[in-house]
Trainee: 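Below: one structure in structure tokens.
Just so it is clear: chains get the letters A, B, ... in the order the sequence lines come, proteins before strands, and each one is counted from 1. Side chains are part of it too, since the values below use all heavy atoms of this structure and drop only hydrogens, waters and symmetry mates.
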Amino acid sequence: MSEICRLYKSIYEITDQVPYGKVISYGQIARMVGCGARQVGYAMAALKSGSHPDIPWQRVINSQGKVSVHGDGIGNAMQLELLKEEGVQFDSEGRVSDSSAWWVAKP
DNA sequence: GCAGTGACTAGTA
DNA sequence: ATACTAGCCACTG
């Protein structure tokens, strides 16, 4: 059994701290943990149902404010739907409203 | 230990 | 606005 590095733990910690109806970008988390953005995405991919069901991985999106495509795009659709259920407003392009960003306060 | 891969980002053309 | 490139760091073979 491979124990997850504390780096992943930090990533999960931040992701778990994202409030309901809010989202955060991979890059932002990467800066917080002090690692590359890819590692954040990798940590999310490592999340499995049953291991860390309490982690709102669906609230993690890319810097474009959109959901990234994984594998066949299955998880992608689920993620989008989950966010909609949480009350996150999406644009016609599938982009999240700037007000839905957690970290932030973007000009 | 090296090479390839990956749910990314930022910069340049 | 889009397309391509380079950088990023961890995991797998």
Trainee: Going from CD on A:E81 to CG on A:N76, what distance comes out if it is rounded to the nearest 0.5 angstrom?
Mentor: 11.5 Å
Trainee: How many whole angstroms separate atom CD1 of A:I29 from atom C1' of C:dC8?
Mentor: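 Taking atom C1' of C:dC8 as the reference, CD1 of A:I29 is at 16 Å.
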Trainee: Could you list the residues that satisfy side chain to side chain contact (heavy atoms under 4.5 Å, CB included) with A:S68, not counting sequence neighbours?
Mentor: A:Y26, A:N62
Trainee: Could you pull out the protein-nucleic contacts involving nucleotides 10-13 of chain B (nitrogen or oxygen on both sides, under 3.5 Å)?
Mentor:
none

Trainee: Could you state the atom-to-atom distance from CD of A:Q64 to P of C:dA3 in whole Å?
Mentor: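 In whole Å, C:dA3 P lies 11 Å from A:Q64 CD.
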Trainee: Pairs under 3.5 angstrom, nitrogen or oxygen only, protein versus nucleotides 3-7 of chain B, please.
Mentor:
unit_1: B:dG6; atom_1: N2; unit_2: A:Q39; atom_2: OE1; d: 2.6
unit_1: B:dA7; atom_1: N7; unit_2: A:A45; atom_2: N; d: 3.3
unit_1: B:dA7; atom_1: N6; unit_2: A:M44; atom_2: O; d: 3.3
unit_1: B:dA7; atom_1: N3; unit_2: A:Y26; atom_2: OH; d: 2.8

Trainee: Using the test side chain to side chain contact (heavy atoms under 4.5 Å, CB included), find all partners of A:I55 that sit at least two apart in sequence or belong to another chain.
Mentor: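 Here the qualifying residues are A:Y12, A:T15, A:D16, A:L47, A:H52.
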Trainee: Among A:L80, A:V23, A:V88, find the one that has a side chain to side chain contact (heavy atoms under 4.5 Å, CB included) with A:I61.
Mentor: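 Considering A:L80, A:V23, A:V88, a side chain to side chain contact (heavy atoms under 4.5 Å, CB included) with A:I61 is found only for A:V23.
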Trainee: Once salt bridge (charged side-chain N to carboxylate O under 4.0 Å, His left out) is applied, what residue pairs with a partner in residues 51-68 of chain A remain, sequence neighbours excluded?
Mentor: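 Qualifying pairs: A:R59-A:E86.
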Trainee: To the nearest 0.5 Å, tell me how far A:I11 CD1 sits from A:C35 SG.
Mentor: 6.5 Å
Trainee: How about A:M78 and A:I74: do any of their side-chain heavy atoms sit closer than 4.5 Å?
Mentor: no
Trainee: My understanding is that only residues two or more places apart in sequence, or in another chain, count here; which of them pass side chain to side chain contact (heavy atoms under 4.5 Å, CB included) with A:M32?
Mentor: A:I14, A:I24, A:Q28, A:W102
